[in-house]
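Reading through the structure tokens given below for one structure.
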Amino acid sequence: MSAFRLKARESEAAGIRRVAHERIEDAVGRLRDRSADPAKAVHEARKDVKKLRSTLRLVRPVIGDSVYRRENERFRDAARALSDARDTQVRAQTTEALGERFADDPPPGGWAALRAAVAGGEQTASGELGRLREQAAAEIERGDEEVERWPLGDDGFELLRPGLDRAYARGRKSFRAARAEPTDEALHEFRKRSKDLWYHLRLLRTGWPQVLEATAEQAHRLTDRLGDDHDLAVLGADLERGFESLTAGQRQHLRGLLERRRRELQGQAFGYAERLFAEKPKQFVRRIEAYWEAEKLLNAV
């Protein structure tokens, strides 16, 4: 698998197209690899598509809303078709993680009861999943030719600056909103915006790897905490409307554990965010641009 980053020795436009082609190739290859574990193939392909869509968002102000919406919807809908298969796996993993965190405080009947309730959810049939994988692969592959037609305009940091500024400003705003009122909706928006910034930092880390890889890691830890919190929110919603085998006592105990773990995760996420969003957007973008231009000069040999 190719590294998800732009290179100092290529033009910015060429780098964006290369990254997009690579993510498409990787996603399609994973989905069509019949020797791979189906759940893992779907998970990794969905990650490739998320990176691809974030790359699109980085250049959205340049390519325009019309092209962005058309291509983003193409890749979003292709990945969404695989979501049911992934959701079942996430519920099981979330349950396991909760059991590990509170191993000494199990619900009545033990953690096996919750695992059994979650395992009772619907599974996507093997044949149906194979059909969905091929359908998604074909749709993602159709977007490959369009990459060469993305109107990226001139080279230089001008291609990247508006999108980076937009991502950082939106991330900072969503952080403040979630910190002020941590509703599930606000936290979910904060997670999406933080993940965009994480992907953008990974694309631009060549500008000064020693600094930006550390910054990207902070963003990764932030998104991990918010992702785990989101998975717990989904598990909590499932707990309210399903899992008929659980008793009232088991449900009450699990609600308390979910709330405790979510408070922990949100506190950690806000700590990482305080560091990541300490600058104003224009200051942040000027700093990243300075790193990028310096690296271009160092490689102009």
Is a salt bridge present between [X] and [Y], judged by a nitrogen-to-oxygen distance below 4.0 Å?
{"X": "E289", "Y": "R286", "value": "no"}
{"X": "D26", "Y": "R23", "value": "yes"}
{"X": "R74", "Y": "D77", "value": "no"}
{"X": "E44", "Y": "K40", "value": "no"}
{"X": "R191", "Y": "D224", "value": "no"}
{"X": "K7", "Y": "E10", "value": "no"}
{"X": "E71", "Y": "R60", "value": "no"}

- Message: Working note: R260 + D105, criterion salt bridge (Lys or Arg N to Asp or Glu O under 4.0 Å); need CA distance, chi angles, decisive distance, verdict.
- Response: CA-CA 12 Å; R260 283 171 57 189; D105 188 15; 3.2 Å; yes
- Do we get R202 above W198's six-membered ring, with its NZ or CZ under 6.0 Å from the centre and within 45° of the axis?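 Yes, R202 sits over the ring of W198.
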Between [X] and [Y], is any pair of side-chain heavy atoms under 4.5 Å apart?
{"X": "L56", "Y": "I63", "value": "yes"}
{"X": "H21", "Y": "E148", "value": "yes"}
{"X": "E141", "Y": "R32", "value": "yes"}
{"X": "L235", "Y": "T94", "value": "yes"}
{"X": "L276", "Y": "L201", "value": "yes"}
{"X": "P151", "Y": "V67", "value": "yes"}
{"X": "D229", "Y": "D184", "value": "no"}

Has [X] got more than 12 heavy atoms of other residues, nucleotides or ligands less than 6.0 Å from its [atom1]?
{"X": "R255", "atom1": "CZ", "result": "yes"}
{"X": "E240", "atom1": "CD", "result": "yes"}
{"X": "E25", "atom1": "CD", "result": "no"}
{"X": "R275", "atom1": "CZ", "result": "no"}
{"X": "W111", "atom1": "CH2", "result": "yes"}
{"X": "K173", "atom1": "NZ", "result": "no"}
{"X": "E145", "atom1": "CD", "result": "no"}

- Are R172 and Y168 close enough that a side-chain donor and a side-chain acceptor fall under 3.5 Å?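 The answer is no; no qualifying pair exists.
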- Would you say the side-chain atoms of E12 and W292 include a donor-acceptor pair closer than 3.5 Å?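 A pair is found: one side chain offers a donor N or O, the other an acceptor, under 3.5 Å apart.
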Roughly how far, to the nearest 0.5 Å, is [atom2] of [Y] from [atom1] of [X]?
{"X": "R18", "Y": "S11", "atom1": "CZ", "atom2": "OG", "result": "10.0 Å"}
{"X": "F75", "Y": "E146", "atom1": "CZ", "atom2": "CD", "result": "8.5 Å"}
{"X": "D144", "Y": "I24", "atom1": "CG", "atom2": "CD1", "result": "4.5 Å"}
{"X": "T223", "Y": "D228", "atom1": "OG1", "atom2": "CG", "result": "9.5 Å"}
{"X": "T55", "Y": "L203", "atom1": "OG1", "atom2": "CG", "result": "4.5 Å"}
{"X": "L246", "Y": "L254", "atom1": "CG", "atom2": "CG", "result": "6.5 Å"}

- Query: Where does the angle between the aromatic ring planes of F175 and F270 fall among parallel (under 30°), tilted (30 to 60°) and perpendicular (over 60°)?
  - Reply: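 Correct class here is tilted.
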- Query: Taking the six-membered ring for Trp, are Y199 and F4 parallel (under 30°), tilted (30 to 60°) or perpendicular (over 60°)?
  - Reply: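 The arrangement is perpendicular - the two ring planes meet at more than 60°.
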- Query: Can any side-chain N or O of R221 pair as donor or acceptor with the backbone N or O of Y272 at less than 3.5 Å?
  - Reply: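 Side chain of R221 to backbone of Y272, a donor-acceptor pair under 3.5 Å: no, none is there.
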- Task: Please say which of R57, E73, R53 ends up in a side chain to side chain donor-acceptor pair (under 3.5 Å) with Y68.
- Result: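 Single pass found, and it is R57.
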- Message: By the definition side chain to side chain donor-acceptor pair (under 3.5 Å), identify the one residue from R261, Q266, R262 that meets it with E264.
- Response: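 In the set R261, Q266, R262, the residue that makes a side chain to side chain donor-acceptor pair (under 3.5 Å) with E264 is R261.
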- Task: Compute the ring centroids of F284 and F277, then answer whether they are less than 6.0 Å apart.
- Result: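 Judged by ring-centre distance (under 6.0 Å), F284 and F277 do not meet the cut-off.
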- Message: Is there a path of hydrophobic side-chain contacts, each under 4.5 Å between heavy atoms, that joins L114 and V234?
- Response: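 Looking at the clustering, V234 is in a separate group from L114.
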- Task: Run the numbers on L160 and I288 for side-chain contact (heavy atoms from CB on, under 4.5 Å), then give the verdict.
- Result: CA-CA 10 Å; L160 312 173; I288 304 304; over 6 Å; no
